[in-house]
Amino acid sequence: MKTESIPVAALTQAQAEEELARLAAEIEAHDNRYYQQDAPAISDAEYDALRLRNAEIEARFPALRRPDSPSLRVGAAPLDAFKKAPHARPMLSLDNAFDDRDVADFYERVRRFLRLGDADPLVLTAEPKIDGVSANLRYENGRLVRGATRGDGLVGEDITANLRTIADIPDNLAGDDLPAVIEVRGEVYMAHSDFAALNERQQAAGKQAFMNPRNAAAGSLRQLDSKVTAARPLRFFAYAWGEADAVPGDTQMAVIEAFANWGFTTNPMMRRCADVAALIAAYTDFSALRPELDYDIDGVVYKVDRLDYQQRLGAVSRAPRWAIAHKFPAEQAQTVLEDIDIQVGRTGALTPVAKLRPVTVGGVVVSNATLHNEDEIARKDVRIGDTVIVQRAGDVIPQIVRVLPERRPQSAVPFEFPRICPACGSHAEREINKNTGKTDVVRRCSGGLICPAQAVERLKHFVSRDAFDIDGLGSKQVEAFYMAGLVQRPSDIFTLAARDERSLTPLRQREGWGAQSAKNLFAAIEARRRIELPRFIYALGIRYVGQTTARLLAKHFGTGALFISAMQQLADEAECEESEIRDAVLAIDGVGPAVIDALQIFFSEPHNRDEIGELLKLIDIEEFKQSGQQSTISGKTIVFTGKLEKVTRSEAKARAEALGAKVSSAVSAKTDLVVAGPGAGSKLKKAQELGVETIDEDSWLEISGG
Ligand code: IVH
């Protein structure tokens with residue numbers, strides 16, 4: 001008998017596992033047909049029956065719920081269903097402080113940056129950090145014209161219709177003297193009481209309950225039909241802003257008060273703090289109030305109150321220098337560690353994962369936790385069978401805090417970390433770090449290209465959302481294509497359609513595929529033959545080269561051709577004592593030696609070079625276009641010398657970089673501008689000899705808008 005015809009109550013554990021896998025794949029395929037192709041293959045009732053069966057099996061075997069279970073994406077539409085909404089100003093995230101020391105350090109750092117004297121006051125605001133979903137609301141002449149999610153901070157999704165259904169969000173701002181353009185930012189969240197009532201309704205209607213209020217808020221915002229969102233009790237706190245041609249106040253507090261006058265709901269706990277002690281007092285007060293609040297908060301946000309100070313402080317990478325989030329300690333629970341799984345990642349790293357008896361931590365069922373690496377297992381002496389404390393902090397993967405030795409069964413033996421890759425059988429070794437001479441904590445599979453786990457993980461990364469983002473080519477398809485020998489390396493993706501035409505077993509005849517879905521996939525691949533440079537670099541999956549570093553490299557090199565030739569030179573000079581290209585890459589702010597080493601290793605590998613050569617025959621890489629502000633300084637190389645009297649050196653440097661300039665410490669023929677203060681000596685002389693433009697601090701402040 002096929003497992004799909006066995007009643008839920010009669011399924012064995014193994015059959016249930018198989019059934020959940022089948023249902024996940026089948027429901028996803030129907031979702032794709034429904035949302036992306038507007039061509040459902042089954043009736044709504046049949047579809048509901050599949051979801052119901054999935055939910056019933058999960059209710060009987062909670063431990064078997066898959067990370068990609070359909071029940072975890074209740075009603076969520078695929079991302080492509082919404083229009084992209086680029087942000088006029090990036091939506092930043094916040095740096096974290098975990099204890100009082102971090103808070104004091106932050107406060108001192110701000111004082112130093114601003115060069116405040118001992119007697120100069122520095123006031124900060126304190127407000128709760130709301131655990132919801134952030135949104136950007138654009139008002140033109142007082143009318144809401146667009147609302148978007150945060151997305152990756154640069155581009156969100158246009159969810160205007162859904163945001164309009166929220167009572168806390170005014171369609172028209174109250175009052176006169178409104179700015180022509182202002183973007184109000186804040187958090188969409190669901191109150192506990194509303195959440196409980198919603199889940200009751202969901203369950204009564206035979207639908208899956210939401211995991212927590214945050215998920216409920218996120219899921220509700222992502223409804224394609226805004227009538228569904230309207231029926232969900234969402235709320236909104238305004239706490240920040242984006243683009244604005246005028247800001248209604250000189251301080252954070254004054255602006256938030258103005259928002260309240262315009263008709264927004266603002267958090268009543270927000271207050272001003274004049275020193276570190278007052279910040280900590282706010283933290284203590286908010287923690288004490290937390291259990292009584294009707295919404296989730298996960299920390300306290302401190303912001304420099306004066307906006308002229310905020311402006312001077314600016315931002316580093318993805319977070320402002322003028323704000324920090326002081327996080328509440330993570331939530332913990334106790335459970336049994338049933339097994340340790342070894343997973344092989346894209347770079348061959350063997351990662352141990354704890355398989356836990358499912359337990360609820362802070363409202364979420366946890367059955368996996370990271371164990372980091374073998375040293376960590378040894379240090380904590382974690383053994384299979386142990387009772388352990390697990391903790392969850394925000395969105396991070398749950399962690400094992402410690403074991404309870406008094407509850408250890410006699411049979412529990414120390415864990416032996418495998419010396420052999422579980423995916424390909426190659427030796428797994430711990431590298432010795434060239435610079436420190438220390439043994440790396442990570443054990444890596446040496447199988448490289450022959451290791452299927454690495455190859456598959458690399459392919460998954462290559463097509464993932466922030467890389468090539470190919471619709472219809474998800475993890476499951478990558479795995480299946482790899483196994484079938486259809487796609488073994490990235491360039492194979494771009495020859496797939498041509499090979500398919502000649503194939504005796506074309507994709508449309510394979511299980512799970514049809515003429516339409518195969519056609520859609522080929523169209524999606526075709527659409528990605530042109531790719532932005534940062535995505536291309538990120539897609540290569542080079543160690544330490546995440547999205548931020550990929551962007552920095554793209555910005556620096558500008559074109560794919562320049563990037564690749566520089567990288568080849570870097571690899572060719574890997575053994576040289578003095579490498580000009582190495583120094584040049586190191587000079588990119590944000591790129592350190594670990595990144596350079598990783599680039600060198602990657603581009604020294606002939607297989608990688610060959611593969612890039614193949615790819616370049618099949619795709620076009622777009623030139624990098626600088627988004628954001630353009631200024632006269634953008635792209636220039638600037639040297640600061642002598643004493644600056646109105647701003648600190650680090651502030652001037654940060655400002656120059658924010659405007660797109662490169663700051664260098666030595667004057668050469670490549671220098672475009674020298675900013676010289678009193679006491680400038682040899683550098684100023686050299687600049688004059690070379691005929692480099694030289695200006696004083698006042699002129700600098702003028703051109704940099706300081
Ligand atoms: S201010 C430039 N204030 O926390 C600063 N953020 O970790 C912008 N958040 O993406 C953020 N409550 O979703 C700010 N009172 C609050 C907040 C808050 C929650 C979220 C927000 C942001 C994330 C940053």
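We number each residue from 1, following the sequence as shown. Each ligand, and each atom within it, is numbered from 1 in the order the structure gives.
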In terms of atom number and element, which parts of ligand 1 are under 4.0 angstrom from non-hydrogen atoms of E127?
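The list of qualifying atoms is 15 (N), 16 (C).
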
Compare E187, K129, R185 and give the one whose heavy atom is closest to atom 4 (O) of ligand 1.
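The option holding the nearest heavy atom is K129.
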
Using heavy-atom distances only, which candidate in A126, P128, G242, S134 approaches atom 10 (O) of ligand 1 most closely?
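The residue whose heavy atom sits nearest atom 10 (O) of ligand 1 is S134.
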
Give yes or no for whether the N/O distance cutoff of 3.5 Å, strictly under, is met between [X] and ligand 1.
{"X": "A240", "value": "no"}
{"X": "K303", "value": "yes"}
{"X": "W322", "value": "no"}
{"X": "P320", "value": "no"}

Would Y302 and H326 satisfy side-chain hydrogen bond (donor to acceptor under 3.5 Å, both in side chains), going step by step from the backbone distance to the final call?
CA-CA 8 Å; Y302 307 131; H326 190 178; 2.8 Å; yes

Tell me the protein heavy atom at minimum distance from [atom], and give that distance in Å.
{"atom": "atom 9 (N) of ligand 1", "answer": "Y239 OH, 3.4 Å"}
{"atom": "atom 12 (N) of ligand 1", "answer": "I130 N, 2.9 Å"}
{"atom": "atom 8 (C) of ligand 1", "answer": "L92 O, 4.2 Å"}

Can you tell me which portion of L94 lies within the under-4.0 Å heavy-atom range of ligand 1? Options are side chain, backbone, both, or neither.
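Both parts.
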
Once the angle between the rings of F259 and W241 is folded into 0 to 90°, is it parallel (under 30°), tilted (30 to 60°) or perpendicular (over 60°)?
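F259 vs W241 ring planes: perpendicular.
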
Describe, in one word, how the ring planes of F536 and F468 are oriented to each other, choosing from parallel (under 30°), tilted (30 to 60°) and perpendicular (over 60°).
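The rings of F536 and F468 stand perpendicular, inter-plane angle above 60°.
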
Between R312 and E651, does any side-chain N to carboxylate O distance fall below 4.0 Å?
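Yes.
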
Row check, Y309 ring normal vs R306 NZ/CZ: under 6.0 Å, within 45°
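Pair R306/Y309 counts as cation-pi.
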
Going by atom type alone, with no hydrogens or angles, which donor-acceptor pairs under 3.5 Å involve a side-chain atom of residues 122-129 and a protein atom two or more places apart or on another chain?
unit_1: T125; atom_1: OG1; unit_2: K303; atom_2: O; d: 3.4
unit_1: E127; atom_1: OE2; unit_2: K303; atom_2: NZ; d: 3.0

Listed by chain and number, what are the side chain to side chain donor-acceptor pair (under 3.5 Å) partners of R112, not counting sequence neighbours?
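Listed in chain order: nothing, the list is empty.
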
Hey, are the side chains of Y189 and P213 touching, using non-hydrogen atoms and a 4.5 Å cut-off?
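Side-chain contact under 4.5 Å: no.
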
